**Q** 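Structure incoming, see below.
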Amino acid sequence: MQQQYPFKEIEKNSQEYWEKSRLFIAEDKSDKPKYYCLSMFPYPSGKLHMGHVRNYTIGDVLSRFHRMRGYNVMQPMGWDAFGLPAENAAIANKTAPAAWTFDNIATMKTQLKQLGLAVDWEREFATCTPEYYKWEQWLFTELYKKDLIYKKTATVNWDPVDGTVLANEQVIDGKGWRSGAEIEKRDIPQYFMRITAYADELLDDLDKLDGWPEQVKTMQRNWIGKSDGCEVEFPVVGENSNLKVYTTRPDTLMGATYVAVAAEHALATKAAENNPTLQAFIKECKLGSVAEADVATAEKKGMDTGLFVTHPLNGEKLPVWVANYVLISYGDGAVMAVPAHDERDFEFAEKYELPIKAVIKNTDDDTLPMTEHGVLFNSAQFDGLDFEAAAEAISSALSAKNQGKKRTQYRLRDWGVSRQRYWGCPIPIIHCDKCGEVTVPTDQLPVVLPTDVTMDGVGSPIKKDPSFYETTCPTCGNAATRETDTLDTFFESSWYFARHTSHDNDNAMLDERANYWLPVDQYIGGIEHAILHLLYARFFNKLMRDVGLLKNDEPFKNLLTQGMVLKDGAKMSKSKGNTVDPQTLIDRYGADTARLFMMFAAPPEQSLEWADSGIQGAHRFLKRLWSFSYDNREYAYIENQGAQQQGVSLIDAPTSISNAWREINLTLEQANHDYARQQINTIVSASMKMLNTLEKIPMSGDDWKSSSYLTYYAECLQQSMSILLRILAPITPHISHELWKVLGYGEEILNSSWPEADKAAMVQNTIDYVIQVNGKLRGNLTVSSDTTKDAIEKMVVVEPCVTKFLVDGASVRKIIVVPKKLINVVIG
RNA sequence: GCCGGGAUGGCGGAAUUGGUAGACGCACGGGAUUCAAAAUCCCGCGUUGGUGACAACGUGGGGGUUCGAUUCCCCCUCCCGGCACCA
């Protein structure tokens with residue numbers, strides 16, 4: 001054993017040992033309970049960043065912990081390899097996206113291995129390979145046949161200068177990021193997945209997910225946004241048609257003073273036919289990005305169409321306005337405006353001097369807008385009704401006139417999966433003049449994406465490559481063209497969790513192993529994925545179930561949403577260019593230090609503000625652990641001293657040792673509690689505390705000279721080090737593996753058992769109480785642990801720190817005793 | 001704008017969920033060791049007043065409930081994440 005902590009050597013040797021002994025290769029059959037631990041797979045963007053280190057270390061800690069608790073653990077790793085950054089890099093570096101991606105995968109894989117992750121690398125795959133995407137093309141064709149995929153037009157960001165579709169991220173302040181041109185909203189035909197057909201199940205099944213953070217479930221519920229409301233039809237004056245709107249507040253119908261439609265609404269288009277001013281306004285509304293955040297924060301603007309509708313219940317003529325705050329994608333793209341009881345309508349009505357009519361009241365305060373529920377007035381026959389009764393009565397009245405009815409509405413929209421980009425999975429559709437849209441037959445899959453391409457920044461190479469798009473129709477054999485759009489990259493990440501179970505199957509997307517391993521027992525990833533990725537993966541799980549590939553309803557049993565790694569207050573990300581390279585950390589201090597620091601700096605679910613200081617502290621602890629083991633190797637070595645064989649009980653040891661042993665057990669209990677609730681930062685604290693405790697055991701004085709002291713000391717060290725190393729093993733696996741071996745505890749620490757606290761060692765015969773007077777800390781009281789509550793009350797009232805408040809006629813009103821904690825004397 | 005979070009010493013965080021606020025670590029100050037430095041070890045460290053025992057204040061701001069509030073309730077400010085084509 002070396003005196004200095006040789007982290008480089010230890011880490012290299014342990015990693016080689018684990019690889020050689022195939023310790024992390026998961027068995028598809030086992031008597032042990034299974035534990036499938038999955039961290040969200042990385043996008044191969046270049047090098048590992050701190051967010052990766054944090055994510056994969058958390059997953060590794062939980063994997064190793066469960067392995068030591070006796071589970072059959074599977075922790076795989078893969079690559080979310082399609083995406084926009086590869087195209088940008090290709091344009092910038094004149095390399096093909098595939099080559100860039102595979103280079104990055106190689107680099108990042110080396111780095112991940114240096115972290116010492118307990119990963120089963122045999123299950124690795126990259127989503128950009130035909131072996132992987134073949135199966136999602138197959139699933140696409142199955143879903144297409146089941147009418148779960150359909151085509152419709154949808155709005156995209158159009159860059160008129162580059163002549164290309166831009167991602168929301170590529171639109172900055174309404175301008176294209178490369179061209180600087182003003183972006184226009186443009187409608188193009190795209191494929192959609194009918195996620196709304198699963199809206200109710202996606203909503204209801206959230207209740208089954210006990211292992212998910214409440215916060216994430218709330219976000220998903222709100223995203224799905226099921227609302228019970230009412231559709232109302234307003235006859236258009238002078239036309240033989242109705243304007244349909246949806247409202248969640250039918251109780252306010254009598255307060256409607258105008259209606260507003262989105263710029264894209266058919267009625268707006270019609271009204272603009274002979275109205276150039278309105279046409280110009282509609283064109284203006286179509287400028288800027290399609291992102292909802294941009295639409296919703298834009299200044300509220302509108303224009304009168306000159307059209308009117310008739311209020312279905314009171315017969316009033318209401319003007320029809322075009323407003324930029326009405327979303328074409330929600331409800332019917334039109335709203336009834338009730339300025340008195342809606343913030344946005346109120347602001348709009350004030351600006352354009354439209355009438356405001358209050359119809360709901362709940363307090364004497366009549367400030368408008370009043371958006372809460374209340375009782376109706378100014379509403380003819382509905383006066384005096386509350387929200388529930390009014391909603392019922394008004395929807396019935398509308399139904400009776402055939403001008404509306406109750407309707408359940410979702411905020412969730414069908415998922416547009418077409419992308420006009422190159423670096424993605426080709427959509428397996430062939431367009432035939434005679435047969436129309438035809439899915440590519442299974443025996444002709446995969447539709448392989450050509451990888452030998454040049455990116456020039458204008459459009460997708462496969463859209464200009466006849467050797468790709470020219471084909472024949474599988475149905476009639478005539479010349480036909482392939483679809484050149486690719487799939488949203490969320491498509492790949494929606495089912496990879498399942499493919500890890502059947503990664504090597506060339507004949508099926510999934511096999512029976514999926515039903516052994518799934519659901520994922522622990523899923524770990526960034527909170528930024530709380531809605532989209534997690535919702536799509538849940539949706540895909542249900543789709544795969546319904547085509548017979550799976551039995552489970554939900555993909556992820558437990559979810560840990562890791563907080564962001566921030567630097568200078570912003571999310572650390574490639575796109576922001578504020579990443580810190582973990583490689584320098586690993587090179588200088590080793591993987592164990594990097595892992596320890598990341599785990600210690602913040603609890604897993606909280607955001608972590610990166611600071612360079614602190615790493616030294618983590619490294620210092622490991623050095624101390626090493627030198628303590630080295631200095632005490634004779635005592636800590638399991639076969640020396642023979643203490644256990646002599647039947648020595650540490651409870652009977654000299655006070656300094658039995659106290660230390662008690663402290664170790666209390667700390668172990670805390671660590672186990674923290675492992676159970678996955679609060680890893682305080683497990684690190686606990687391990688530091690244990691080492692502090694052991695270092696403080698006296699090594700001099702009269703006691704030290706007696707031979708029995710040394711026997712007890714050795715026994716205490718052996719038991720304590722064995723506990724400490726096992727507590728640390730999931731977090732700092734290399735040093736734990738090495739010390740476990742050199743101190744003679746066994747060949748592989750991962751194969752040992754998990755330590756439990758010795759209850760007998762934690763018993764105390766006195767209790768230290770805190771004395772409070774009127775809730776303020778005033779003193780202490782030590783009593784023997786069998787003292788009754790009555791006796792404690794009698795003792796406390798004669799304590800000087802209490803009696804000094806018994807002046808000027810004040811007396812003890814009440815005594816509150818919190819067992820084993822505190823006594824509060826209420827004096828008044 | 002809408003939805004979901006967060007705010008505790010100079011800094012990261014802890015407080016087993018209504019019961020001693022500041023565990024553990026970083027930074028800093030003092031000391032030991034050293035020719036010197038690094039490394040290491042020991043001591044101190046919320047703020048204010050006091051030599052001191054001690055006292056007052058203190059968990060983003062304002063109110064409330066309670067014997068007792070970082071924790072529960074109401075209002076507000078700022079920061080972070082998401083908003084459907086970044087992943």
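All of these numbers come straight from a predicted model, not from anything done at the bench. Worth knowing before you read on, the calculation uses all heavy atoms, side chains too, and leaves out hydrogens, waters and symmetry mates. Note on naming: letters A, B, ... go to the chains in the order of the sequence lines (proteins, then strands), and numbering restarts at 1 for each one.
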**Q** I'd like to know if Asn824(A) reaches the base of C67(B) with its side chain such that a donor and an acceptor end up less than 3.5 angstrom apart.
**A**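 Per atom types, the contact qualifies.
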**Q** Let's test this: given Watson-Crick or G-U wobble pairing with both distances under 3.5 Å, identify the partner of G81(B).
**A**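 G81(B) is paired, partner C3(B).
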**Q** So if I apply the side chain to side chain donor-acceptor pair (under 3.5 Å) rule between Arg419(A) and each of Asp488(A), Asp485(A), Thr489(A), which one comes out positive?
**A**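 For Arg419(A), the side chain to side chain donor-acceptor pair (under 3.5 Å) test succeeds with only one of Asp488(A), Asp485(A), Thr489(A), which is Asp488(A).
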**Q** Pick the C1' atom in A87(B) and in G13(B), then give their distance to the nearest Å.
**A**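 Each nucleotide's C1' atom is 29 Å from the other's.
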**Q** Would you please confirm or rule out a distance under 4.0 Å between OP1 or OP2 of A14(B) and any side-chain N or O of Gln606(A)?
**A**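 Yes.
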**Q** Atom CG of Leu608(A) and atom C1' of C11(B): how far apart are they, to the nearest Å?
**A**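 After rounding, the reported distance stands at 13 Å.
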**Q** Is the terminal nitrogen or CZ of Lys623(A) (NZ for Lys, CZ for Arg) located under 6.0 angstrom from the six-membered ring centre of Tyr5(A) and within 45° of that ring's axis?
**A**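 So Lys623(A) doesn't make the cation-pi contact.
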**Q** Charged N to carboxylate O below 4.0 Å: is that the case for Glu347(A) and Lys351(A)?
**A**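 Salt bridge absent between Glu347(A) and Lys351(A).
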**Q** Given that both distances must come in under 3.5 Å, which nucleotide forms a Watson-Crick or G-U wobble pair with G44(B)?
**A**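 Pairing partner, where one exists within any strand: C28(B).
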**Q** Is C86(B) paired to anything, Watson-Crick or G-U wobble with both distances less than 3.5 Å, and if yes, which nucleotide?
**A**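 The answer is none; no pair meets the criterion.
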**Q** Students often get this wrong, so: under 4.0 angstrom with heavy atoms, is Arg620(A) touching a base, only sugar-phosphate, or nothing?
**A**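 Contact class for Arg620(A): sugar-phosphate only.
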**Q** Please give the nucleotide sitting opposite G18(B) as a Watson-Crick or G-U wobble pair, both distances under 3.5 Å, or none.
**A**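 Because no pair has both required distances under 3.5 Å, G18(B) counts as unpaired.
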**Q** Please determine, for G49(B), whether a Watson-Crick or G-U wobble partner exists with both distances under 3.5 Å, and give it or none.
**A**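 C54(B) is the nucleotide pairing with G49(B).
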**Q** Using the P atom on both, measure C73(B) against G19(B) and round to a whole Å.
**A**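 Here C73(B) and G19(B) have their P atoms 15 Å from each other.
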**Q** Find the partner of U59(B): check Watson-Crick (N1-N3 plus N6-O4 or O6-N4) and G-U wobble (N1-O2, O6-N3) distances, both under 3.5 Å, and reply none if neither fits.
**A**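 Its partner: none found.
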**Q** Whole angstrom is fine here: how far is it from CD in Gln220(A) over to P in A84(B)?
**A**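 Going from CD in Gln220(A) over to P in A84(B) covers 16 Å.
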